[in-house]
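See below for the structure under consideration.
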Amino acid sequence: MELRIEGLSKTYPNGVRALDNVSLTIPCGMYGLLGPNGAGKSTLMRTLATLQEPDSGTASLGDIDVLRQKEEVRRRLGYLPQDFGVYPRISAQDMLDHIALLKGITNGRERKEIVAAMLRRCNLYDSRKKALTGFSGGMRQRFGIAQALLGSPQLLIVDEPTAGLDPGERNRFYNLLAEIGEQVIVILSTHIVEDVMDLCTNMAIIHEGKVLFQGRPEEAISELKGRVWQRSIAKAELPAFEERYKIISSRLVGGRPFIHVLSGQPLNGGFQASVPDLEDVFFVKIRGWK
Ligand code: ADP
């Protein structure tokens with residue numbers, strides 16, 4: 001099964017064109033949708049989760065028309081929105097039980113087993129009786145995945161799931177996502193390059209509502225082979241370098257700017273060849289450089 005998106009466009013009433021003729025083919029496995037804030041990721045995720053209408057375009061999940069057969073989609077969908085926002089004073093176990101009931105698991109005994117297994121899988125079993133209000137950011141995201149996975153979805157959408165997690169929590173969350181079967185389409189929307197690098201076999205880069213790249217991360221990286229150069233410079237030199245070179249990124253290392261530059265020609269004068277990574281690709285694409 002695959003998810004096929006063709007020509008989706010959406011302009012909000014304030015005139016912002018959040019999706020501009022987006023076409024993507026998304027196979028089973030982990031798919032990264034990478035874009036800066038405001039790129040249109042959540043708009044696309046909400047549209048695929050049947051929560052909002054595009055102005056034009058189509059989407060199909062296998063032979064289901066996503067925009068018309070909403071109930072069919074919802075039965076196969078697990079969704080963790082960017083802002084889950086539901087952390088009532090009830091326990092994780094009771095909340096999952098309630099959500100499982102809403103998802104149609106009506107047999108009480110079966111539900112109890114499913115909920116217990118899900119709590120174990122998401123490493124929340126020991127905290128099952130704790131109120132959700134007291135959960136940490138990482139626990140909340142794992143709870144979010146637990147509720148999304150109830151009912152064995154074929155399409156799992158997680159919108160910016162690792163924002164705000166500390167490195168340990170992010171790692172635990174990655175491990176959980178990585179265990180989800182190969183038979184499920186998992187769309188991970190994120191502005192964090194490592195999320196895609198570490199988890200996704202296929203990806204797209206989206207910016208200002210447009211798809212700038214789709215394919216495998218290593219394909220994107222190989223396009224930049226031999227074209228990224230790096231060096232450390234003095235802070236005062238930065239404006240002159242910005243004039244002269246295509247600076248992909250600049251970060252401080254030991255208080256000095258360390259720059260990555262895009263150039264088809266070898267650069268002398270203190271530059272060294274740099275092995276390109278997905279972050280280089282991301283910045284090159286969103287700047288519209290070839
Ligand atoms: P992302 O998830 O990549 O950050 P969004 O889909 O949330 O991007 O937003 C894309 C663009 O659409 C942004 O410019 C945002 O301000 C705008 N936008 C999102 N939702 C609305 C809305 N309900 N009304 C008007 N503009 C919106």
Side-chain angles (χ1 to χ4, degrees), residues 1-10 17-49 54 57-62 66 154-162 174 177-229 246 248-249 260-264 273-290:
M1 198 181 47
E2 58 182 27
L3 177 67
R4 258 173 191 280
I5 300 164
E6 276 172 40
L8 274 194
S9 290
K10 170 75 183 179
R17 186 156 194 156
L19 297 177
D20 189 353
N21 199 17
V22 168
S23 298
L24 295 171
T25 302
I26 303 181
C28 283
M30 196 74 82
Y31 193 91
L33 186 71
L34 179 64
N37 288 329
K41 303 182 297 297
S42 294
T43 302
L44 181 58
M45 302 296 94
R46 285 196 303 263
T47 307
L48 297 174
T58 60
S60 55
L61 177 66
V66 173
Q154 290 170 292
L155 171 62
L156 179 67
I157 295 178
V158 286
D159 197 355
E160 295 274 359
T162 64
Y174 279 179
L177 283 183
E179 277 169 25
I180 296 167
E182 286 290 294
Q183 301 315 310
V184 179
I185 299 173
V186 183
I187 309 179
L188 172 75
S189 125
T190 183
H191 65 273
I192 299 168
V193 175
E194 291 83 38
D195 287 356
V196 176
M197 199 62 221
D198 293 354
L199 288 172
C200 300
T201 32
N202 289 285
M203 64 171 293
I205 296 176
I206 170 171
H207 180 46
E208 294 175 344
K210 293 194 182 71
V211 176
L212 303 182
F213 171 83
Q214 61 176 315
R216 301 172 85 83
E218 58 274 18
E219 278 168 6
I221 292 168
S222 72
E223 285 179 16
L224 287 185
K225 229 171 151 193
R227 299 170 61 212
V228 181
W229 306 85
K246 285 181 170 166
I248 298 170
S249 63
H260 278 200
V261 165
L262 181 70
S263 169
S274 170
V275 178
D277 60 19
L278 196 57
E279 188 171 281
D280 294 319
V281 172
F282 179 60
F283 287 125
V284 166
K285 295 281 180 200
I286 65 175
R287 300 211 164 98
W289 294 337
K290 295 278 175 247

_Intermediate values then yes/no, side-chain contact (heavy atoms from CB on, under 4.5 Å), Leu278 and Phe282_ = CA-CA 6 Å; Leu278 196 57; Phe282 179 60; 5.7 Å; no
Side-chain contact test, heavy atoms from C-beta onward, threshold under 4.5 Å: evaluate it for [X] versus [Y] and give yes or no.
| X | Y | answer |
| --- | --- | --- |
| Ile206 | Leu24 | no |
| Asp277 | Val193 | no |
| Val284 | Val281 | no |
| Leu19 | Pro54 | no |

How long is the span from the [atom1] atom in [X] to the [atom2] atom in [Y], to the nearest 0.5 Å?
| X | Y | atom1 | atom2 | result |
| --- | --- | --- | --- | --- |
| Lys290 | Leu262 | NZ | CG | 12.0 Å |
| Leu33 | Asn202 | CG | CG | 12.5 Å |
| Leu224 | Ile248 | CG | CD1 | 6.5 Å |
| Tyr174 | Met30 | OH | CE | 10.5 Å |
| Ser274 | His260 | OG | NE2 | 4.0 Å |
| Glu160 | Ile192 | CD | CD1 | 6.5 Å |

Closest heavy-atom contact between [X] and [Y]?
| X | Y | value |
| --- | --- | --- |
| Ser9 | Arg17 | OG-NH2, 3.2 Å |
| Pro276 | Ile221 | O-CG2, 3.4 Å |
| Gly264 | Arg227 | CA-CG, 4.5 Å |
| Pro217 | Cys200 | CG-O, 3.6 Å |
| Leu34 | Met203 | CD2-CE, 4.1 Å |
| Cys28 | Gln183 | SG-O, 3.4 Å |

*Would you confirm whether Ser23, through its side chain, and Gly7, through its main-chain N or O, come within 3.5 Å as a donor-acceptor pair?*
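Judged by distance alone, yes, a pair lies under 3.5 Å.
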*Determine which pairs satisfy salt bridge (Lys or Arg N to Asp or Glu O under 4.0 Å) with at least one residue from residues 210-222, sequence neighbours left out, and list them in order.*
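Pairs touching residues 210-222 that pass the test: Asp20-Lys210, Arg216-Glu218.
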*Summary of salt bridge (Lys or Arg N to Asp or Glu O under 4.0 Å) pairs that have at least one residue in residues 179-192, sequence neighbours excluded*: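 Salt bridge (Lys or Arg N to Asp or Glu O under 4.0 Å) check on residues 179-192 returns no pairs.
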*Under the side chain to side chain contact (heavy atoms under 4.5 Å, CB included) rule, collect the residues that match up with Ser263, sequence neighbours excluded.*
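Only Trp229, Gln265, Leu267 meet the side chain to side chain contact (heavy atoms under 4.5 Å, CB included) criterion with Ser263.
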*Go through the steps for Leu188 and Thr162 under the test side-chain contact (heavy atoms from CB on, under 4.5 Å), then give the verdict.*
CA-CA 10 Å; Leu188 172 75; Thr162 64; 5.7 Å; no
*Output, in order, the C-alpha distance, side-chain angles, deciding distance and verdict of side-chain contact (heavy atoms from CB on, under 4.5 Å) for Leu155 and Val66.*
CA-CA 11 Å; Leu155 171 62; Val66 173; over 6 Å; no
*Are Lys285 and Glu223 close enough, and set up right, to give a side-chain contact (heavy atoms from CB on, under 4.5 Å), and what steps lead you there?*
CA-CA 11 Å; Lys285 295 281 180 200; Glu223 285 179 16; 3.0 Å; yes
